[in-house]
Amino acid sequence: AEPQRGGVVDVATIGEPPTLDPMASTADLVGIVSQHVFETLFTFGKDWQVVPLLAEAMPEITEGGRVYTIRLRQGVTFHDGSGMDSADVLASLKRWETVASRGQQAAKNIASIEAPDPATIRITLKEPYAPLLSLLAFNNAAAVILPAEDMAVPMEKPVGTGPYMLKERKPDQYIQLVRFDGYKPREDAANGYGGARHQYLDEIRFVPVPDPNTRVEGAVAGQFAYADSIPVESAGRLTGGKTEALTLKPFGWPVFVMNTKEGLLSDVKKRRAVLTALNPEDMLIAGFGSTDFYAVDGALYPDGYAWHNTQGVDAYGLGDAQKAAAALQEAGYDGATPLRILTSRQYEFHYKMAEVAAEYLKAAGFQVQLDVVDWATLTQRRQDPKLWDIFISHSPFLPEPSLIGVMQDSSPGWWQSEAKTKALAAFNAESDPAKRAELFGAVQKVFYDEVPAFKVGDFNALAAKSPKLQGFEPAPWPYFWNAWLEK
Amino acid sequence: MTAVASATLPAAAAEKSGGNTMLRALLARKAVAAGLVVLLLILLLAVFGPLLSPWSPSKLSLVSRLKPPSAAHLLGTDDFGRDILTRLAVAGRLSLTVGFAVVVVSALLGVTLGLLAGFFRRLDAPLARLIDAMMAFPDILLAISLVAALGPSVVNVVAALGIVYAPRLARIVRASTLVIRELPYVEAARALGVSTPRIILRHVLRNLLSPIMVQSTFIFASAMLAEAGLSFLGVGVSPSVPTWGTMIAQGRQYLDQAPWIMFFPGLSIVLAVLALQLVGDGLRDLLDPRLARDL
Amino acid sequence: MSARPQPLPDPAEPILAVEDLATHFTLPHGTVRAVDGVSFTVRRGTIVGLVGESGSGKTTVGRSILRLAPATGGVARFEGEDLLKLSERRMRPYRRRLQIIFQDPYSSLNPRMRVGAILGEALGAHGLATGAARQPRIAELLARVGLQPEHASRFPHEFSGGQRQRIGIARALAVEPDLIVADEPVSALDVSVQAQILNLMQDLRREFGLAMLFVAHDLSVVEYLCDEVVVMYLGRVMERGPSRDVYRRPRHPYTKALIATAPVPDPAARRERVVLRGDIPSPLDPPSGCVFRTRCPHAAAICAQTRPPDEAVGPGHFAACLRQGELAAAGLL
Amino acid sequence: MTERLAPDTLLAVRDLKTHFVYRAGAAAKSVDGVSFEVKRGETVAVVGESGSGKSVTSLSIMRLLAEPGRIVSGEILHRDRQGTVRDLAKASAREMRALRGTEIAMIFQEPMTSLNPLFTVGDQIAEMIRLHRKVGRAEALREAGEMLELVEIPAARRRLHDYPHHMSGGMRQRVMIALALANRPSLLIADEPTTALDVTIQAQILDLLRRLQAEMGMSILFITHNLGVVAEIAKSVVVMYAGRVVEEAPVADLFARPKHPYTEGLLASTPNAARDIAADGARRPLVPIPGSVPPITALPPGCAFEPRCAYAAPRCTQSVPPLFALAPARHSRCFRHDAL
Amino acid sequence: MLRTVLHRLLGMLAVMLIVVTIVFVIVRVTPGDPAAVMLGPDATAADIANLRAQFGLDRPLPVQYVQYLLGLLQGDFGRSIFLGQPVLAALGSRAEPTFFLTLFSLALAVLIALPIGIYSAYRRGSLFDQAATTVAMLAASVPSFWLGLVLIQVFAVRLGWFPASGYGGPGTTLAERLGHLVLPSVALGIVSSALIIRFTRASMLDVLNDDYVRTARSKGMGEARVVLRHALKNAAIPILTVVGLTAALLVSGAVVTETVFGLPGVGNLVVNAVLRRDYPVIQGALLVVAGLYVLINFAIDMLYILVDPRVRA
Ligand SMILES: Nc1ncnc2c1ncn2[C@@H]1O[C@H](COP(=O)(O)OP(=O)(O)OP(=O)(O)O)[C@@H](O)[C@H]1O
Ligand SMILES: Nc1ncnc2c1ncn2[C@@H]1O[C@H](COP(=O)(O)OP(=O)(O)OP(=O)(O)O)[C@@H](O)[C@H]1O
Ligand SMILES: [Mg+2]
Ligand SMILES: [Mg+2]
């Protein structure tokens, strides 16, 4: 059908975003909402390749990958009516370097940022650093472009260049975005997050509905055009004509992060025993019910991603209690120290996988202690290495592997080793995509060798969508430009 | 004269505390008898159910998940393939234990507070204020905050609910203590030179046992409901611990697919709470109709 | 202000001498002068009746002497020792020697304690009859008040009002006291039972030489039982003296009115009488001078100004009326 | 039915039985065969110990029994102003409402609680007036003021606007009397109206009742347990014991020559200075009635007083003695009344 | 009378101070760092420390307490860490659904409960009484969230008569928003009516046995008038008390109900605030709700003084 202009959609989200400042948070929810309001210089295309957004085109990379010269699009205006130029970009990137965690990560490699003319920005690196463009493109702790005069921290008013702008925010009630009439879409065809962004919808309202069942019920009752993050158990309930199931396949991976710094699992042998003991298939069944929603897969990126490889994965998926017990004994486990698994019920599958894992670990001889806390407590406790041995989380498949949590030395788990540093350094310094894919195989091998985390498998995300909502492309961070409502 | 007689007589009738007579009087009321029978059944199920059941309450069996009630699994299985009836029994142990423990905690706290406030004039004003202040917090709200503060565990839920319900007892105990303190038999004990702790224990506390018991059954009921509510909100007992509350929370997602997961624990709560209230009501009517006011 | 009690002509030493006793209760909206300068004595082996209308402070006098209510002034000498000045610890031995019996036979016994335990507690509080000696002692006490030993294992509610009152008396007797304050012990009892208790009290006095302060509002009971009588009104003593004198020749208008208005079970005895007008004033705000003057048929201007002192009107007989001499002379008393 | 009631008689209670029936089948026979008559303008006292059924009798007449009280049998014949005789035991609720307050009024023992604390005394009296007569509120209030004056409340008009708690017990009892008499009933039932009051106040109330009776000519059924009060106020006396009338007599006869051992015991156990104190001050011991009143639910099969009776004979244990008529208006429920 | 009022007022303030202290203590011993939550999963320890300092979370507790008290005195309930707005504003913006939910459930509960309670007491022991008492007890035994879920299933999902959740989007009229409250009000109202029935019945039983009721009957008054004028007026105070307290309890019930129905009310805010470790909001909400309770109590006390001449003295 032909796209139609007009209409309002209600989107049920998993909660209230802590902030609308996309730089200030790495929470997915912040990215989902704010990507409609703010734009970055680059973004990701359909196949997760970096494509220009506010940048005119892909940067010119010179001096052996150390200097990035970026041409900006002309005639882009902010929601407050002012035009965007390199001064805004410069100020925004500076803010990003200090405020955003990913900006800080990038800043370590950046020597300088300059604006040689109003339409150009130049970034000079200390060393070649391949992940830079991905970092600039990412909508999470995002390098969004703000008007130079709006640099306050915390952000005072959300003014961006995006296709929609904030009309009203009632925390816990809704975030109302309306079409920004001064928006000038790109002229190239829509391509994932990139390309032309059409503003068919008049309004997008993000409604926080933290309770998954309420999201389901609302969707079934036809209240929401789109409901995010539906528990897979409820797939069968998405019937009745007012809503339909929408699966994003594959979405990401559940992960058991291990504490390599202190406690029981600081010993790599015991981490290996955990890896040996766990049966991912049973965990995935418990978490996701049917193979429609999961795949048993040890590779850090599933087939179809450029980063896919099978290095080291033969250590995955054994679920062998005896072997694990033997390994555990050899590692000198006292049989009494509890293995503390920190998890929450914010995401039901975390908890369910924890339950199953606990059974397998017990079979291998571990004393298991399940600490089920709320998500807020979890995010706090995992900062303290004294409090846990494993915590459970998940992540979408990120376009750039170096953005993955465990790859950061400082992220909870605190995985650091010579082998890791070496493998990652080589990977980051390379700019040729094909070579990088190969180098990532080495990284994955170290991952399976040192077991800083356990990748449970791949899982698909389930969402509920009204049949009337058309032109919507499933995405890990759903976006609603280019979508329209059938009347 | 008449007033004295008629005020004391119903209480006196109840005081035939040879236990037996009271039990008989209780059983004479059909509703109370029904309540007691239900409680007894639940208790039996909780104590012996897991021992008799062929299923383990915790062992996972992912092949048989979400099975509807059948001959093998009388009440069906849950999302981990565990037998609901068996889990219901185990959960019953915990739910009942939680309820009972809350009663014990709130009784220890509330009775102490109430006795101190009621018996010692000097402590009365500040303690009465404290009790008032504690009463001002709605139970679930306060419990949520406390559990959030202490962390979700069985012990902490018990502690939180114990604190939440303590003022209810404290208020009743204080009010009755204020009255009993002035009664001639307490005065007689003082005139005899009986020590204060002994007066408090033998003369005051002993005579408060009935209202405390009545209030305790209601607290028991409220605590079970509150625990379920907290678990439902995800701020109660750790979800890996089976209680009726956590079972409901767990079953909620399968409302459509496997309604039995949520239905049976819900039914258990309703039955247990109803039974407790029936018994409490009966006790109250029997022991002191005037208590009805304080609920 | 009020006169000290004069040395009694009787050689018997008073076991209790109350002088100028005052007990005031401070309430949010004022001070209740429940007892306001009361003096009297109780001699060994005698029963002193304390009469007065409701709220006149009879109970408070008794409770103050036993230190169950906090006296605010005056002295209460028990064998020469001022009880009101003693610390609670030094009071303890006196708790054995002074006892109290209450009006309400229902609330004066702990419903949760068996009779044996009630008496046992009394014995235990002063280490009397310990161990094996206790059971026989309890049986003996029960027998003394006309109950059976097997009653020890029963609860109070299994007894009638009169029986309960006997248990209360047994409890008081358990510690072998020298003085008993009996606060309206028969008011709550039916007439037919009341006489049983009155006879019991008489026996006890004879047998143990007990002294007793007997609070009552039934004038005929007091007349029958008591050797001396103290008439109270609004916290003060109006008149006191040997019963015979007070009843035959009351020397205070209040006493006279009280006696005249008390109904007598004899239709032939219907008399002309002075019915007092009005109500007792509030103890929060008692009248100035003589507290009785607002209801007194003989009140004069002076009565509002001066608080009448206790005046001796006969041997051991005192009246607190400014005009009593004058009225007596005029034949109005 | 008229012929069953002598013309000068206002009320005749005949063999009234009022029981409290419980589910268990147990019944408290609180009133079990009570008969007496009240003549026009006369005061009849009903005397008896606590629990003897005095209140239940009066409430039966008013038909104000609390659940599960039931009039089981007997009749309560009442003659109204028009001369109509009705059996109140069988009258409809509607008939009773019309009678209450106009023909028969009642005052109760507890002056402290018998008035509604939330209405002024004036309103409560005016309400009584307006329930039975078509008068305006102002007029009713004016009349209420008059009634308060009649019962000798000082500054009556001002006190119309007082609430009960502003008044002392004696005053409230006066208000209750004013309320009861507001519609000039022909019969006033007073259930221990002075028991809760001090002697000096009791004397005031008794005087007041006597005066009002003289002025208004109503009959009074006066319930008390105080023999002294009986001696003061009554013309004839009904003595009750354990739910039954045991003796009925003109007041002078009763005190001079009791014809039932219980009455005799009652008199002997009441201290009486003239009788009990010798000229030298020596006290004659009182003669108490041994034992205590049996519980109403466990009466002996024969005479209820038999276990405590000095005159008891074997036949006393076998059947309940009938009410023997000894003389006009003189009855005794004792087989051995001759022995007294 | 003025003295009585002042006395009560002082008592109320003392209670409030204790309430404040309790709230402060509870919330400060709570683990879970608001700063960590706000910064998201990949925040560094240094960022978190920074943010903590910014919110004053690093100062000693007594200092924080005094600051908090001083702030309260100036009407400053603090700023929500998570929402970035003043707590009072955050609460205020959520007051509407909670207010109407409470109001409707209360109205419903009272409408159901009063007649039943009065009639039950009047016909004590009758079949009606037994049925009413049993049903009331059953209602009090049903977890309110369970009832809510059932109602959603039946009336929203199956029948589609009412919205399943939420409170309407922007630009909806009040009437449309209130439509969202029908089901929650029913769920909550039914459960709370149980308490009011029992209280009404008990209070009526109490006064129906009082002497002045017998006096009223002895005047020859009809039953309706005896019960509704003389008895009910005397029972009104305890009934009002329980109605007032139910209002406060309803806030507690609203926590669960709002969560089930996804209503953006105060209860929901509190649950979220607990999950977000938003200290000032929890403090503020607990304080406001407890304060409301204390105020309602105070109002009832004042009402007592107005209605009951005995207390007025
Ligand atoms: N604990 C107390 N607090 C305040 N006032 C008191 C207290 N005890 C007694 N009163 C007041 O003191 C006065 C005297 O009371 P008391 O009980 O001594 O009188 P009484 O003569 O024994 O009366 P009654 O015959 O009614 O027993 C009364 O006005 C009473 O209200
Ligand atoms: N509502 C009732 N339910 C059960 N029994 C009752 C009830 N009212 C009275 N009785 C019983 O009826 C008997 C007579 O009671 P009633 O009140 O008539 O005695 P009374 O002579 O008026 O005593 P008092 O002098 O104490 O007023 C008592 O045994 C009492 O227990
Ligand atoms: Mg007294
Ligand atoms: Mg009576």
Side-chain angles (χ1 to χ4, degrees), chain D residues 22-23 55 58-59 61-68 93-121 123-133 161-166 172 175-176 179-180 182-183 185 188-189 191, chain E residues 1 4 118-130 133 201 203-241 300-313:
Chain D
Y22 296 99
R23 238 181 310 171
S55 296
S58 57
L59 292 173
I61 298 171
M62 288 295 278
R63 291 273 305 277
L64 287 175
L65 287 167
E67 287 288 313
R94 198 197 173 93
E95 277 178 295
M96 282 314 299
R97 277 210 294 277
L99 287 177
R100 284 184 208 132
T102 49
E103 294 283 347
I104 314 176
M106 186 157 180
I107 54 181
F108 302 94
Q109 169 171 4
E110 276 300 328
M112 298 318 213
T113 54
S114 294
L115 291 168
N116 194 325
L118 302 188
F119 297 95
T120 63
V121 298
D123 280 345
Q124 298 190 53
I125 300 173
E127 182 182 38
M128 173 72 138
I129 294 168
R130 298 186 64 197
L131 271 171
H132 298 285
R133 283 185 273 147
H161 306 292
D162 277 2
Y163 287 93
H165 74 273
H166 288 131
R172 284 189 225 187
V175 171
M176 269 306 289
L179 181 82
N183 291 320
L188 175 70
I189 301 178
D191 188 355
Chain E
M1 178 166 163
T4 323
I118 293 173
Y119 196 71
S120 266
Y122 183 67
R123 288 256 166 260
R124 173 183 207 174
S126 68
L127 205 64
F128 178 89
D129 179 29
Q130 286 174 3
T133 322
R201 180 175 176 274
S203 319
M204 281 303 285
L205 276 182
D206 255 11
V207 296
L208 281 172
N209 287 327
D210 276 350
D211 288 350
Y212 53 81
V213 171
R214 191 180 53 189
T215 304
R217 291 207 169 99
S218 80
K219 289 170 158 185
M221 199 180 284
E223 286 300 288
R225 193 179 161 103
V226 169
V227 172
L228 295 180
R229 184 171 151 92
H230 285 261
L232 186 57
K233 191 165 179 190
N234 276 279
I237 291 279
I239 294 177
L240 258 175
T241 308
I300 291 169
D301 270 3
M302 295 297 106
L303 216 62
Y304 241 109
I305 294 180
L306 277 183
V307 173
D308 193 333
R310 284 166 297 186
V311 192
R312 223 178 291 156

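Quantities reported herein were computed from a predicted structural model and do not represent experimental measurements. Residue numbers start from 1 in every chain, and the chains themselves are labelled A, B, ... in the order their sequence lines are given, proteins ahead of strands.
- Between E:Asn234 and D:Pro117, the shortest heavy-atom distance links the atoms OD1-CG, 3.4 Å.
- Only the side chain of D:Leu179 comes within contact range of chain E, judged by heavy atoms closer than 4.5 Å.
- Proximity of a side-chain donor or acceptor of E:His230 to a complementary backbone N or O of D:Asn116 within less than 3.5 Å is not detected.
- The two residues E:Met221 and D:Arg97 come nearest to each other via the heavy atoms O-CD, 3.2 Å.
- In this structure the side chain of D:Pro164 never reaches within 4.5 angstrom of the side chain of E:Tyr212, judged on heavy atoms.
- For D:Leu59, the part lying under 4.5 angstrom from a heavy atom of chain E is the side chain only.
- With salt bridges taken as basic N to acidic carboxylate O contacts below 4.0 Å, none links E:Arg214 and D:Glu110.
- Of all heavy-atom pairs between E:Pro309 and D:Leu118, the closest is CD-CD2, 3.7 Å.
- Scanning both residues, E:Lys219 and D:Glu127, for their nearest heavy atoms gives NZ-OE1, 2.9 Å.
- Both the backbone and the side chain of D:Met128 come within less than 4.5 Å of a heavy atom of chain E.
- Per-residue heavy-atom pair counts under 4.5 Å with chain D were compared for E:Leu208, E:Asn209, E:Asp211, and the maximum is reached by E:Asp211.
- Contacts of D:Met176 with chain E are made by side-chain atoms alone, with heavy-atom separations under 4.5 Å and no backbone atom involved.
- Looking at residues two or more places apart in sequence or on another chain, you find a ring-ring contact (aromatic ring centres under 6.0 Å, His included) between E:Tyr119 and E:Phe128.
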